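Everything numeric in this text was worked out from a predicted model, so none of it was measured.
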Amino acid sequence: QVQLVVSGGGLMQPGGSLRLSCAASGRTFSTYFVGWFRQAPGNEREFVATIGWNSGSTYYADSVKGRFTVSKDNAKNTVYLQMNSLKPEDTAVYYCAVRRFTIATRPLDYGSWGQGTQVTVSS
């Protein structure tokens, strides 16, 4: 079992940047994907981005493509979500999650979840 700790959320003005971190501990897997999701009040949890831990391949939702970048630091067992050009519609609780073997964009396909961190974009 892997434990995920998310940090880096906060308040930012439109056009600003935030960097979220997802640190993994405990049992990890040699082949897995880390996904970023977000959920605004009254909305369904939606896919943001994912990265393959082994391959380094990335995939982004259309809503964040060109603005957000997902990356990883193998030595720190940490995945990052760099969020640039933030918009008010980016306001949500952001989660990271892990699944084995294959890429996925549905929350139900991920088994281990972090606690979530609030990102608020407002002037």
Side-chain angles (χ1 to χ4, degrees):
Q1 186 178 31
V2 60
Q3 292 79 47
L4 304 174
V5 178
V6 184
S7 62
L11 175 65
M12 182 57 63
Q13 294 181 338
S17 298
L18 285 172
R19 188 192 195 193
L20 306 183
S21 299
C22 177
S25 62
R27 184 181 178 185
T28 56
F29 306 100
S30 59
T31 303
Y32 63 95
F33 287 79
V34 177
W36 287 97
F37 297 82
R38 65 188 183 186
Q39 187 168 20
N43 291 349
E44 298 292 322
R45 188 167 298 185
E46 67 173 347
F47 170 77
V48 175
T50 186
I51 184 169
W53 183 258
N54 307 93
S55 67
S57 61
T58 58
Y59 181 74
Y60 300 89
D62 289 341
S63 59
V64 306
K65 199 170 187 177
R67 300 188 298 120
F68 291 10
T69 302
V70 63
S71 61
K72 62 185 178 71
D73 186 327
N74 294 26
K76 296 181 178 180
N77 288 330
T78 300
V79 171
Y80 304 98
L81 183 67
Q82 179 67 46
M83 305 184 294
N84 298 327
S85 302
L86 284 164
K87 304 175 181 180
E89 51 262 44
D90 295 320
T91 297
V93 176
Y94 282 71
Y95 302 87
C96 70
V98 175
R99 66 171 276 107
R100 295 189 68 182
F101 300 127
T102 58
I103 190 171
T105 60
R106 300 183 303 175
L108 59 85
D109 289 325
Y110 287 77
S112 298
W113 290 82
Q115 81 283 5
T117 186
Q118 177 71 47
V119 172
T120 302
V121 183
S122 176
S123 59

Asks: Starting from Val2, can I reach Ile103 by hopping between I/L/V/M/F/W/Y residues whose side chains sit under 4.5 Å apart?
Replies: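 No, Ile103 and Val2 fall in different hydrophobic clusters.
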Asks: Please list all pairs passing the ring-ring contact (aromatic ring centres under 6.0 Å, His included) test where one or both residues lie in residues 98-119, with sequence neighbours left out.
Replies: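 Listed once each, the pairs are Phe37-Tyr110, Phe37-Trp113.
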Asks: Taking C-beta and beyond as the side chain, do Ser122 and Pro88 meet within less than 4.5 Å on heavy atoms?
Replies: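 They are not in side-chain contact.
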Asks: Just jot down the side chain to side chain donor-acceptor pair (under 3.5 Å) partners of Asn43, sequence neighbours excluded, or say none.
Replies: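 Asn43: no side chain to side chain donor-acceptor pair (under 3.5 Å) contacts found.
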Asks: Quick check for you: to the nearest 0.5 Å, what is the distance between Ile51 atom CD1 and Thr69 atom OG1?
Replies: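 OG1 of Thr69 is found 10.0 Å from CD1 of Ile51.
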Asks: In Å, rounded to the nearest 0.5 Å, how long is the span from CG of Asn77 to CH2 of Trp53?
Replies: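 Asn77 CG to Trp53 CH2: 5.0 Å, rounded to 0.5 Å.
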Asks: Which pair of heavy atoms, one from Ala92 and one from Ala40, lies closest together, and at what distance?
Replies: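 Between these two residues, the closest heavy atoms are CB-N, 3.8 Å.
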Asks: Could you tell me which residues satisfy side chain to side chain donor-acceptor pair (under 3.5 Å) with Ser17, sequence neighbours excluded, listed by chain and number?
Replies: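 If we apply the side chain to side chain donor-acceptor pair (under 3.5 Å) test to Ser17, skipping adjacent residues, the hits are Asn84.
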Asks: With sequence neighbours left out, write down each residue that passes side chain to side chain donor-acceptor pair (under 3.5 Å) with Glu46, or none if nothing qualifies.
Replies: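 Result, side chain to side chain donor-acceptor pair (under 3.5 Å) vs Glu46: Arg38.
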Asks: I'd like to know whether Tyr32 forms a side chain to side chain contact (heavy atoms under 4.5 Å, CB included) with Arg99, so could you lay out the CA-CA distance, the side-chain angles of the two residues, the decisive distance to 0.1 Å, and finally the verdict.
Replies: CA-CA 6 Å; Tyr32 63 95; Arg99 66 171 276 107; over 6 Å; no
Asks: What heavy-atom pair brings Ser57 and Phe33 nearest, and what distance separates the two atoms?
Replies: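 Between these two residues, the closest heavy atoms are OG-CE2, 4.1 Å.
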Asks: Only pairs at least two apart or in different chains count here, so list each disulfide (SG to SG under 2.5 Å) that has a residue in residues 91-123.
Replies: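 Qualifying pairs: Cys22-Cys96.
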Asks: Return yes when atom OH of Tyr60 has more than 12 non-hydrogen atoms of other residues, nucleotides or ligands closer than 6.0 Å, and no otherwise.
Replies: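 It does: Tyr60 OH has more than 12 such atoms within range.
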Asks: Sequence neighbours left out, what pairs pass ring-ring contact (aromatic ring centres under 6.0 Å, His included) with at least one residue falling in residues 72-93?
Replies: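 Pairs touching residues 72-93 that pass the test: none.
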Asks: According to salt bridge (charged side-chain N to carboxylate O under 4.0 Å, His left out), does anything in residues 109-123 pair up with another residue at least two apart or in another chain? List the pairs.
Replies: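 The answer is Arg106-Asp109.
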Asks: Any chance CD of Glu44 has more than 12 other-residue heavy atoms, nucleotides or ligands included, within less than 6.0 Å?
Replies: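 Open: at most 12 neighbouring heavy atoms sit under 6.0 Å from CD of Glu44.
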Asks: Test your reading of the model: is there a side-chain donor-acceptor pair from Thr78 to the backbone of Lys76, 3.5 Å cut-off?
Replies: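 At least one qualifying donor-acceptor pair exists.
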Asks: Is there a chain of hydrophobic side chains (I, L, V, M, F, W, Y, each step under 4.5 Å between heavy atoms) that links Val48 to Tyr59?
Replies: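 Different clusters: Val48 never reaches Tyr59 through Ile, Leu, Val, Met, Phe, Trp or Tyr contacts under 4.5 Å.
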Asks: Does the ring of Tyr95 carry Arg45 above it, NZ/CZ under 6.0 angstrom from centre and within 45° of its axis?
Replies: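 Yes, Arg45 lies over the aromatic ring of Tyr95.
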Asks: Not counting sequence neighbours, which residues clear side chain to side chain donor-acceptor pair (under 3.5 Å) with Gln115? List them please.
Replies: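 Checked Gln115 against side chain to side chain donor-acceptor pair (under 3.5 Å); zero matches.
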Asks: Could you tell me the separation between the CZ atom of Phe68 and the OG atom of Ser85, rounded to the nearest 0.5 Å?
Replies: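 Phe68 atom CZ to Ser85 atom OG measures 9.0 Å (nearest 0.5 Å).
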Asks: Any pair with a residue in residues 3-26 that passes ring-ring contact (aromatic ring centres under 6.0 Å, His included), sequence neighbours left out, goes on the list, sorted by first then second residue, please.
Replies: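 As it turns out, there is no ring-ring contact (aromatic ring centres under 6.0 Å, His included) pair with a partner in residues 3-26 once direct neighbours are skipped.
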Asks: Other than Leu11, what residues sit in its cluster of Ile, Leu, Val, Met, Phe, Trp and Tyr side chains whose heavy atoms are under 4.5 Å apart, directly or through others?
Replies: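 Direct or chained contacts put Leu11 with none.
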Asks: Filter on salt bridge (charged side-chain N to carboxylate O under 4.0 Å, His left out), then keep only pairs touching residues 53-67, sequence neighbours left out; what's left?
Replies: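 Qualifying pairs, neighbours excluded: Arg67-Asp90.
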Asks: Can you tell me which residue among Val6, Val98, Val34, Leu4 is in a side-chain contact (heavy atoms from CB on, under 4.5 Å) with Val79?
Replies: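 Of the listed residues Val6, Val98, Val34, Leu4, the side-chain contact (heavy atoms from CB on, under 4.5 Å) partner of Val79 is Val34.
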Asks: When you group the ILVMFWY residues by side-chain heavy-atom contacts below 4.5 Å and let the links chain together, are Phe47 and Val93 in the same group?
Replies: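 Yes, because Val93 and Phe47 connect within a single hydrophobic cluster, where side-chain heavy atoms sit under 4.5 Å apart.
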Asks: List the residues meeting side chain to side chain contact (heavy atoms under 4.5 Å, CB included) with Val119, not counting sequence neighbours, and say none if there are none.
Replies: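 Scan of Val119 (side chain to side chain contact (heavy atoms under 4.5 Å, CB included), adjacent residues dropped) gives Leu18, Leu20, Met83, Tyr94, Val121.
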